Amino acid sequence: MSAEETAPQAEVASIATPINLILFSVFAFLVYTQFRPKPPAVLPKAPAPVVFRTFTPKTLLPFNGENDKPVYLAVRGRVFDVTPGRNFYGPGGPYENFAGRDASRGLAFQSFDKEMLTEDLSGPLDDLKDLNADQLENLQSWEERFLEKYLVVGKLVAEGDPEAPKS
């Protein structure tokens, strides 16, 4: 064999080194991962639509977060869906007394005791007329906070009100 015939074999041997084969394999893998078919994007399931409705104290009461129900509470006649804050307003949370209830008086007094809740669910709604300026300001700040964070899903009316849902 002449020197001219061995030169192409030397070139082939120098290209097919183990490191070159590894680099080529990595390159081929990267090209494959970039151009392989991708699975279709799956959108997250949308939450169920919430219809604005009218509540009475009795129809609001079941929305206390028990048995995986949503958590609603009312402030000055507006019913808020506070389900995203279930840890606070749902069962076991620090504000659980307000779940499914009118929380206006308790929020105004900064008191989370059951004594702040209306006992007679069939009676008139609390008109809050006995609150002083500081308590009204307190209630206003809570209401603004709820309006920023939570969805208004309804309004609260007294039993027997013309707008009250028929049982």
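Model, not experiment: these values are computed from the prediction. Heavy-atom basis, side chains included; hydrogens, waters and symmetry copies ignored.
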(request) State whether Asp68 and Arg86 are salt-bridged, where the test is any N-O pair (Lys NZ or Arg NE/NH1/NH2 against Asp/Glu carboxylate O) under 4.0 Å. (result)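 Answer for the salt bridge query: no.
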(request) Please determine if Lys58 and Glu159 form a salt bridge, counting it only when a charged side-chain N lies under 4.0 Å from a carboxylate O. (result)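 Result for this pair is no, no salt bridge flagged.
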(request) For the pair Phe98 and Phe112, evaluate ring pair (Phe, Tyr, Trp, His ring centres under 6.0 Å) and give the outcome as yes or no after the intermediate values. (result) CA-CA 8 Å; Phe98 295 153; Phe112 311 112; 5.7 Å; yes
Any chain of hydrophobic side-chain contacts (each under 4.5 Å) joining [X] to [Y]?
X: Phe55; Y: Leu61; answer: no
X: Val79; Y: Val50; answer: yes
X: Tyr72; Y: Leu117; answer: no
X: Val75; Y: Leu125; answer: no
X: Tyr95; Y: Val152; answer: yes

(request) Report the residue from Leu121, Leu60, Asn64, Leu156 that forms a side chain to side chain contact (heavy atoms under 4.5 Å, CB included) with Arg101. (result)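 By the side chain to side chain contact (heavy atoms under 4.5 Å, CB included) criterion, Arg101 pairs with just one of Leu121, Leu60, Asn64, Leu156: Leu121.
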(request) Report yes if the side chains of Gln110 and Gln135 come closer than 4.5 Å at any heavy-atom pair, otherwise no. (result)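 The answer is no, as the side chains (C-beta and beyond) never meet within the 4.5 Å cut-off.
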Does [X] reach the main-chain N or O of [Y] with its side chain, forming a donor-acceptor pair under 3.5 Å?
X: Asp113; Y: Met116; answer: no
X: Glu148; Y: Arg145; answer: no
X: Asn67; Y: Lys69; answer: no
X: Ser25; Y: Leu21; answer: yes
X: Glu137; Y: Ala133; answer: no

(request) Begin with the C-alpha distance, continue with both residues' side-chain angles, and end with the deciding distance and a verdict on ring pair (Phe, Tyr, Trp, His ring centres under 6.0 Å) for Phe80 and Tyr150. (result) CA-CA 6 Å; Phe80 292 91; Tyr150 302 114; 7.4 Å; no
(request) Enter the distance from Leu107:CG to Arg105:CZ here, rounded to the nearest 0.5 Å. (result)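 The CZ atom of Arg105 is 11.5 Å from CG of Leu107, to the nearest 0.5 Å.
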(message) Just verifying a value: how many Å separate Lys149 NZ and Asp81 CG, rounded to the nearest 0.5 Å?
(response)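 Between atom NZ of Lys149 and atom CG of Asp81 there are 13.0 Å.
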(message) Would you call the rings of Tyr89 and Phe146 parallel, tilted or perpendicular, taking 30° and 60° as the class edges?
(response)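 Correct class here is tilted.
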